[in-house]
Amino acid sequence: MPELPEVETVMRGLAPALVGARISRVEQRRANLRFAFPERFVARLEGTRVKELTRRAKYILAELDSAETLIMHLGMSGSFRLEDAGEESPGRFHHPRSKLAAHDHVVLHLSSGKRVTYNDPRRFGFMLLAASRDLAAHPLFAAVGIEPLGEAFDAPTLARLLAGKAAPLKAALLDQTLIAGLGNIYVCEALHRAALSPLRSAGSIVAASGAPKAGAKRLAEAIPAILHEAIRAGGSTLRDHQGADGALGYFQHSFAVYGKEGAACPRPRCHGTITRIVQSGRSTFYCPTCQK
DNA sequence: CGCATCCCCTGCCTGC
DNA sequence: TGCAGGCAGGGGATGC
């Protein structure tokens with residue numbers, strides 16, 4: 001589920017509770033998620049204060065006052081739940097404990113009385129700790145590509161990243177070492193908006209001179225536009241969702257092509273039909289009529 | 001090296 | 001109704 005807009009929304013949802021808060025107690029409920037938890041994970045977190053919460057690619061980074069950064073990735077099915085511990089009414093003969101659901105793997109108890117619970121059925125997500133000062137050199141980030149919402153992301157940069165690549169355009173856009181944060185949904189949506197076929201080679205939207213062709217210019221505008229729209233939608237959904245059960249991480253979006261196999265292409269005056277194909281083992285949704 | 005394939009894991013939906 | 005099979009928005013490892 002989580003691509004850049006979802007991760008950004010989750011991060012913004014957690015920030016008010018986490019930034020400035022002290023982590024008073026940590027419950028780690030299993031030895032590993034996708035990766036093993038770091039050595040002494042609980043001890044290295046307990047007692048620290050969160051200085052800052054940021055997003056890089058699809059990672060949420062909590063910079064701690066211990067000079068370490070908690071690196072969190074939601075994988076496919078990870079989500080956070082934010083709750084007030086005051087909602088609990090622990091029995092007289094029990095220590096205060098979280099009311100845990102299936103697949104609740106980590107609980108961060110904050111000195112404010114709030115708690116943040118990480119839930120992840122498929123366990124493709126993970127949490128790691130790294131020295132804050134060495135974060136950029138960390139293997140996870142050393143090869144991570146450009147931020148599509150950053151100022152440096154423009155048509156010439158996109159052209160430079162894709163020039164000469166024989167891989168299908170869709171596969172190149174999913175490559176996190178080129179552009180960081182796009183996933184299957186938003187790649188499909190951006191390609192549709194830019195009227196580019198997911199099947200054409202990545203290098204084919206770049207002129208021999210290395211300059212972006214018209215399609216690359218459309219794509220360089222479509223990508224950040226779609227991401228911004230999704231973040232806005234996520235933000236509004238988040239407020240509704242928090243009122244319900246405090247869950248962060250799963251949002252409904254309205255898509256032009258993703259999951260719309262068989263539907264009429266929403267592009268004005270295009271009478272094509274959204275088609276599903278498989279590329280690199282994953283579903284691609286696109287309109288063969290207007291995406292060339 | 002670039003690219004394709006398979007795999008990790010659980011839950012949900014579909015069709016028989 | 002039960003069950004098998006397919007599919008899921010992540011990325012890493014492997015092999016050509």
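Every chain is numbered from 1 and lettered A, B, ... according to where its sequence line falls, protein lines coming before strand lines.
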statement: Between A:A102 and A:P168, the residue closer to the 5' end of DNA chain B by nearest nucleotide is A:P168
- request: Please determine if a side-chain N or O atom of A:S283 lies less than 4.0 Å away from the OP1 or OP2 oxygen of C:dA8.
  value: yes
Proximity to the side chain of A:P121 - top-ranked nucleotide from C:dG9, C:dG12, B:dG11: B:dG11
query: Quantified in whole Å, what is the P atom distance between nucleotide C:dT14 and nucleotide B:dC9?
result: 16 Å
Side-chain N,O (A:R282) to OP1/OP2 (B:dT5) below 4.0 Å: no
query: If you draw a 6.0 Å radius around NZ in A:K114, do more than 12 non-hydrogen atoms from other residues or ligands fall strictly inside?
result: no
statement: A:L227 atom CG is separated from C:dG9 atom C1', nearest whole Å, by 13 Å
task: Report yes if at least one side-chain N or O of A:Q176 is closer than 4.0 Å to OP1 or OP2 of C:dG10; otherwise report no.
output: no
- request: Name the nucleic acid region contacted by A:G183, choosing base, sugar-phosphate or nothing; use a 4.0 angstrom heavy-atom cut-off, strictly under.
  value: sugar-phosphate
Nearest heavy-atom neighbours spanning A:L161 and A:L178: CD1-O, 3.7 Å
task: Let me know the distance between CG of A:L182 and C1' of C:dG11, rounded to the nearest Å.
output: 15 Å
task: Taking only the side-chain heavy atoms of A:F35 (C-beta and beyond), determine which of B:dC3, B:dC9, C:dG12 contains the nearest atom.
output: C:dG12
query: Counting just side-chain N and O atoms, does A:R34 come under 4.0 Å of either OP1 or OP2 of C:dG10?
result: no
- prompt: Picking from C:dG11, C:dA8, C:dG9, which would you name as closest to the side chain of A:N184?
  reply: C:dG9
query: Judged by atom type as modelled, is there a donor-acceptor pair below 3.5 Å linking the side chain of A:Q176 to the main-chain atoms of A:G181?
result: yes
- request: Output the single nucleotide from B:dC3, B:dG11, C:dG10 whose closest atom is nearest the side chain of A:H103.
  value: B:dG11
message: With a 4.0 Å cutoff (strictly under), does any side-chain N or O of A:Y258 reach OP1 or OP2 of C:dG9?
response: yes
- request: Please determine, for C:dG9, whether a Watson-Crick or G-U wobble partner exists with both distances under 3.5 Å, and give it or none.
  value: none
- prompt: Is a donor-acceptor contact shorter than 3.5 angstrom present between the side chain of A:R123 and the base of B:dC9?
  reply: no
- request: Please work out whether the ring planes of A:H73 and A:Y59 are parallel, tilted or perpendicular, with thresholds of 30° and 60°.
  value: perpendicular
query: Now, which nucleotide makes the Watson-Crick or G-U wobble pair with B:dC9, with each of the two distances under 3.5 Å?
result: none
- request: Using the C1' atom as the reference point in each nucleotide, state the distance between B:dC3 and C:dG9 in Å, no decimals.
  value: 22 Å
- prompt: Rounding to a whole Å, what distance do you find between A:N32:CG and B:dC8:C1'?
  reply: 11 Å
query: Nearest-Å distance, CG (A:L128) to P (C:dG12)?
result: 11 Å
- request: State yes or no: are the ring centers of A:F285 and A:F255 separated by less than 6.0 Å?
  value: no
message: If I take atom NE2 in residue A:H73 and atom C1' in nucleotide C:dG9, what distance separates them, rounded to the nearest angstrom?
response: 11 Å
- line: note: A:F126, atom CZ; B:dC9, atom P; distance rounded to Å ~ 16 Å
Whole angstrom value for the distance that separates P of C:dG11 from CG of A:L173: 14 Å
task: Check whether any side-chain heavy atom of A:E147 sits under 4.5 Å from a side-chain heavy atom of A:F153, and report yes or no.
output: no
message: For the P atoms, the ones on C:dG5 and on B:dC7, what distance do you get once it is rounded to whole angstrom?
response: 16 Å
field: Any N/O donor-acceptor pair, A:R122 side-chain to C:dA8 base, under 3.5 Å
entry: yes
- prompt: What is the distance, rounded to the nearest whole Å, between atom CG of A:D120 and atom C1' of C:dG11?
  reply: 13 Å
